[in-house]
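Structure first, then comments.
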Amino acid sequence: MKAIAVKPGVPDTVHLAELPAPKVTDVPNGRGVLVRVLRVGVDGTDKEINAAEYGQAPAGYDFLVIGHEGFGQVEAVGPNVTEVKPGDYVVATVRRPGSSIYDLIGTNDMTTDDTYFERGINLRHGYMSQYYVDDADYIVKIPQGLKEVGVLLEPTTVVEKGIAQAYEIQRRLRVWKPKRAAVMGAGTIGLLATLVLRLKGLQVTTFGKTPKPYLNSDLIEAIGATYQSTDELSILEGAKKYGQFDLIFEATGFSPVVFDSMQALGKNGVLVLSSVTGGDRKVEVPADRINLEFVLGNKVMVGTVNANREYFEIGVKDLAQAEAEYPGWLPRLLTHPVKGLENYQELFAKLTNPNGAIKVFCEVAPL
Ligand code: BGC
Ligand code: ZN
């Protein structure tokens, strides 16, 4: 079968690879689910992997099949699989268990192991191929009515985890009733964070760099959130105008925004950090003031990465609620389809030169 792969450690090596097709029996205990891939999304992580900044090949291989935002249809299942059947639409989770206590209880996303296994990213082949097989434990069923937007589930889970963690942490306050939220960044994750917070009934201000109007600001306003360009109003001025924020979700990929966000956070607020920033940028910050306000305001800041099965299941519910409450909104995020695995160069061209792209994805096979 065909797959799109890279040579980790060597920049710009994305290529079409030929691999033996997987079989249901590749997974032990009759728990295999063979999936025919329909769509696979790409994001900044794929860009970094192809730039050799990130990612490792599985043991015994000198290449890594990429793709961690999969969507497909079950082709066959092993004898001990009852959760899904052939014909069902599914998405697979990304991280596989290591050995820490968090992995042992199914929360692989919280691993404390230094080496972690992520399909399509680190030490495990991904989903950018005609088929993949995995244990039913990692396969999440998508209702038929969500097939058009199923490829958005994995990025949604990253948001779901961050927000669920924030609410979990805020149980410390006994009576936390968040009203105002800010989202830093209006890219795919920022848009999805805006959506999830709107579905929870919060007032949301989403900060992006580009002056409005453009597609992303239109999308933000279409679900009743406010878009604010930081070219027109800095985050700190914006916080005065729309704040103080009870919850801030940071997804700009630009680490200095973290320190502005710390200052825009209200008393008892929670700041969720989700940007993976591989560089070594340095900035000067008003450290005393930030620290003082954090201490006197009982504020909290939390990092979040990846998502376990629980958040995939919450994500499915939120995608369904979004389609019901804001019909047609999610499909508008699917801006840049690329047909066929063989067009991987076009896929990466669109990813590296976004030109208004929200979600670039490969249509491996028709829905
Ligand atoms: C993926 C996550 C993953 C993270 C770090 C993100 O792009 O969506 O699942 O944990 O990269 O590798
Ligand atoms: Zn990702």
Side-chain angles (χ1 to χ4, degrees), residues 4 6 8-9 39-58 64-71 91-98 100 102-103 106-128 132 134 138-140 150-165 185 187-193 196 249-253 255 272-279 302-315 319 333-334 336 347-348 350-352 354 357-362:
I4 301 181
V6 298
R39 291 176 165 186
V40 183
V42 286
D43 72 357
T45 301
D46 299 289
K47 200 159 59 177
E48 285 177 15
I49 292 172
N50 190 39
E53 288 164 18
Y54 203 66
Q56 281 174 271
L64 167 77
V65 175
I66 59 166
H68 61 279
E69 302 180 3
F71 175 73
V91 169
T93 63
V94 177
R95 199 175 278 188
R96 295 294 170 267
S100 83
Y102 304 100
D103 298 271
T107 56
N108 318 329
D109 59 315
M110 297 304 243
T111 196
T112 48
D113 293 349
D114 291 329
T115 304
Y116 56 87
F117 306 93
E118 289 183 342
R119 290 201 64 165
I121 301 175
N122 215 34
L123 302 166
R124 294 283 181 272
H125 285 318
Y127 309 125
M128 196 83 84
Y132 69 84
D134 215 330
Y138 309 119
I139 303 285
V140 179
V151 71
L152 292 170
L153 180 59
E154 195 280 339
T156 304
T157 65
V158 169
V159 167
E160 297 289 3
K161 176 187 171 182
I163 293 174
Q165 294 270 306
T188 317
I189 295 290
L191 286 160
L192 291 168
V196 169
F249 194 101
E250 202 291 321
T252 59
S255 55
V272 181
L273 307 184
S274 77
S275 295
V276 178
T277 51
V302 59
T304 181
V305 69
N306 195 252
N308 67 45
R309 186 183 181 99
E310 179 189 346
Y311 307 114
F312 278 71
E313 286 168 0
I314 301 173
L319 292 183
L333 307 191
L334 300 171
H336 288 57
L347 188 75
F348 270 76
K350 287 189 169 147
L351 181 63
T352 37
I358 294 176
K359 181 46 70 189
V360 180
F361 62 103
C362 182

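Below, each value reflects all heavy atoms present in this structure, side chains not excepted, and no hydrogens, waters or symmetry copies. Atoms within each ligand, like the ligands themselves, are counted from 1 in listed order.
Under the side chain to side chain contact (heavy atoms under 4.5 Å, CB included) rule, Leu152 has a single partner from Thr157, Ile358, Leu191, Leu333, which is Leu333.
For atom 5 (C) of ligand 1, the nearest non-hydrogen atom of the protein is Tyr54 OH, 3.2 Å. Ranking protein heavy atoms by distance to atom 8 (O) of ligand 1, first place goes to Glu154 OE2, 2.9 Å. Atom 12 (O) of ligand 1 has as its closest protein heavy atom Glu118 OE1, 2.6 Å. Nearest non-hydrogen protein atom to atom 11 (O) of ligand 1 is Thr45 OG1, 3.3 Å.
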*Could you go through the side chain to side chain contact (heavy atoms under 4.5 Å, CB included) check for Tyr311 and Thr304 one step at a time?*
CA-CA 12 Å; Tyr311 307 114; Thr304 181; over 6 Å; no
*Taking it one step at a time, do Asn308 and Met110 satisfy side chain to side chain contact (heavy atoms under 4.5 Å, CB included)?*
CA-CA 9 Å; Asn308 67 45; Met110 297 304 243; 5.7 Å; no
*Take Ile314 and Lys161 through the side chain to side chain contact (heavy atoms under 4.5 Å, CB included) test and state the conclusion after the steps.*
CA-CA 9 Å; Ile314 301 173; Lys161 176 187 171 182; over 6 Å; no
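Under a 4.0 Å N-O distance rule, the pair Asp103/Arg95 does not qualify as a salt bridge.
Residue nearest to atom 9 (O) of ligand 1, selected from Thr93, Asn306, Asn122: Asn306 (by heavy-atom distance). Ranked by closest heavy atom to atom 1 (C) of ligand 1, the top entry among Arg119, Lys47, His68 is His68.
His68 has its closest N, O or S atom to the Zn ion (ligand 2) at the position named NE2.
Using a 4.0 Å cutoff on heavy atoms, Asp43 counts as a contact of ligand 1.
Arg39 has its side chain out of reach of Lys359: every pair of non-hydrogen atoms, C-beta onward, lies at least 4.5 Å apart.
Not one N or O on the side chain of Thr111 forms a donor-acceptor pair closer than 3.5 Å with the backbone of Asn108.
Contact atoms of ligand 1 toward Val305: 4 (C), 5 (C), 10 (O) (distance under 4.0 Å to a heavy atom of the residue).
Taking 2.8 Å as the criterion, Asp43 counts as a coordinating residue of the Zn ion (ligand 2), since one of its N, O or S atoms falls below it.
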